[in-house]
Number of protein chains: 2
Amino acid sequence: MRLSTKGRYGARIMLDLALHYGQGPIPLKDIAERQQISEKYLEQIITVLKIAGLVKSIRGVHGGYILAKPPAKINLGQIIRILEGSIAPVECVDEPDICPRAEFCVTRDVWKEIKRAVDGILKSISLKDLVEREKEKNRARI
Amino acid sequence: MRLSTKGRYGARIMLDLALHYGQGPIPLKDIAERQQISEKYLEQIITVLKIAGLVKSIRGVHGGYILAKPPAKINLGQIIRILEGSIAPVECVDEPDICPRAEFCVTRDVWKEIKRAVDGILKSISLKDLVEREKEKNRARI
DNA sequence: ATAATTCCTATAGATTTAGTAGAGAAAATA
DNA sequence: TATTTTCTCTACTAAATCTATAGGAATTAT
């Protein structure tokens, strides 16, 4: 039931961009330094987010990345789904056809409940919420 | 965020044993056939459950496995934790020391929320509950 | 021109997953 | 006691996934 580094880092990248929203493009180098993640690896992750339309890029000097929408319009569910694929704990939840017992399977019902719960939490938390939490929690450090 | 086959199969094995609770030892061969899982692989999984004290084994002819406790006293949380390790979506939830930012990290707070939710669901569902669901759902097939 | 950036493609070691294989040990039963 | 049925234990392995690293091409501001 682990999230890979893509999902984890992705969430942190997006929060970082949200914290600097309105300050123009943020170069990957800065994010990498603040988040202590290899720039090259970040690049791969943010490319996926870009293709999905959650961030925009500006090339060249003074370039970087910005959120494609205001922080309130992006939630964690979108980010995680893009980077990790479905959040269902087992494949048959989304694709019942892969298993002949899907229709009758009570364990599958449990996995569905879990998916619904996780989905609900992730959808309910926007980047704006995270920014507010961050400011509240770490007032002294910012 | 996927469960491995160990957790999935483990849940099905335990449900199978719960459905036959009170009928004496159930040989692995039978479970393997009903659940369509390789007997040899099942063996590895059930061994872990045995070491953890959730099932007992009886050797020899008419041997097999039985639940070590009544179905009402075993919940899915125990089964999954034994087979998959912690259900936390990221390691830092359980072991904050591995990450220097753990204390201030708002994304970690989200992962904690998710863990709590999943944990709650799994703990709340006992094998007895699953047996009842199975009987209700598949009355015609049993 | 130069420097700072993103963009694109390829590679690769480590770990995990999902099994397979085979011989050994215990118990029931004929 | 010989046989059969079952669990027990140890080892192996192919494939996939994870977690990056590397290098150069393209773009833009100054």
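Sequence lines set the chain letters: A, B, ... in the order given, protein chains first and strands last, and positions in each chain run from 1. Please read these numbers as outputs of a predicted model, since none were measured by experiment.
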Q: Report which part of the nucleic acid Lys50(A) touches: base, sugar-phosphate, or nothing (heavy-atom distance under 4.0 Å, all strands).
A: sugar-phosphate
Q: Would you mind telling me which residue lines up with the more 5' stretch of DNA chain D, Val61(B) or Ser38(A), judged by nearest nucleotide?
A: Val61(B)
Q: Answer yes when Glu43(A) and Lys40(A) have at least one side-chain N-carboxylate O distance shorter than 4.0 Å, and no when they do not.
A: yes
Q: Could you tell me the separation between the NE2 atom of His62(A) and the C1' atom of dT2(C), rounded to a whole number of Å?
A: 14 Å
Q: First and last nucleotide of DNA chain D in contact with chain B, 5' to 3', at under 4.0 Å to a heavy atom: what are they?
A: dT4(D) to dA11(D)
Q: Any heavy-atom pair between the side chains of Leu17(A) and Ile66(A) that's under 4.5 Å?
A: no
Q: Hey, which sits more toward the 5' end of DNA chain C by its nearest nucleotide, Arg59(A) or Lys6(B)?
A: Arg59(A)
Q: To the nearest 0.5 Å, how far apart are CG in Leu54(B) and NZ in Lys73(B)?
A: 14.0 Å
Q: Rounded to the nearest Å, what distance is computed from the CG atom of residue Leu42(A) to the C1' atom of nucleotide dC7(C)?
A: 15 Å
Q: Heavy-atom nearest nucleotide on DNA chain D for Ile58(A) versus Glu84(A): which residue maps closer to 5'?
A: Glu84(A)
Q: Using whole Å, report how far CD of Glu39(B) lies from P of dT20(C).
A: 12 Å
Q: Measuring to OP1 and OP2 of dC7(C), would you say a side-chain N or O of Tyr65(A) lies under 4.0 angstrom away?
A: yes
Q: Taking CD1 from Ile31(A) and P from dT5(C), how many angstroms apart are they, rounded to a whole number?
A: 12 Å
Q: Mind checking whether Cys92(A) and Arg101(A) have side chains closer than 4.5 Å, heavy atoms only?
A: no
Q: Provide, to the nearest angstrom, the distance between the CG atom belonging to Leu3(B) and the C1' atom belonging to dT16(C).
A: 14 Å
Q: Roughly, in whole Å, what's the span from CG in Leu28(B) to C1' in dA26(C)?
A: 16 Å
Q: Here's a test of your reading of the structure: between Gln44(A) and Gly64(A), which maps to the more 5' nucleotide of DNA chain C?
A: Gly64(A)
Q: Would you say that more than 12 heavy atoms from the other residues, nucleotides or ligands in this model lie under 6.0 Å from the NZ of Lys6(B), or not?
A: no
Q: Same cluster for Ile58(A) and Ile31(A) if Ile/Leu/Val/Met/Phe/Trp/Tyr side chains link at under 4.5 Å?
A: no
Q: For Lys40(B) and dG22(C), what is the distance between atoms NZ and P respectively, to the nearest whole Å?
A: 9 Å
Q: Expressed as a whole number of angstroms, how long is the span from Ile51(A):CD1 to dT6(C):P?
A: 15 Å
Q: Please examine the side chains of Ile26(A) and Arg34(A), heavy atoms only from C-beta on, and report whether any two atoms are closer than 4.5 Å.
A: yes
Q: Does Thr5(B) place a side-chain N or O at less than 4.0 Å from the phosphate oxygens OP1/OP2 of dT17(C)?
A: no
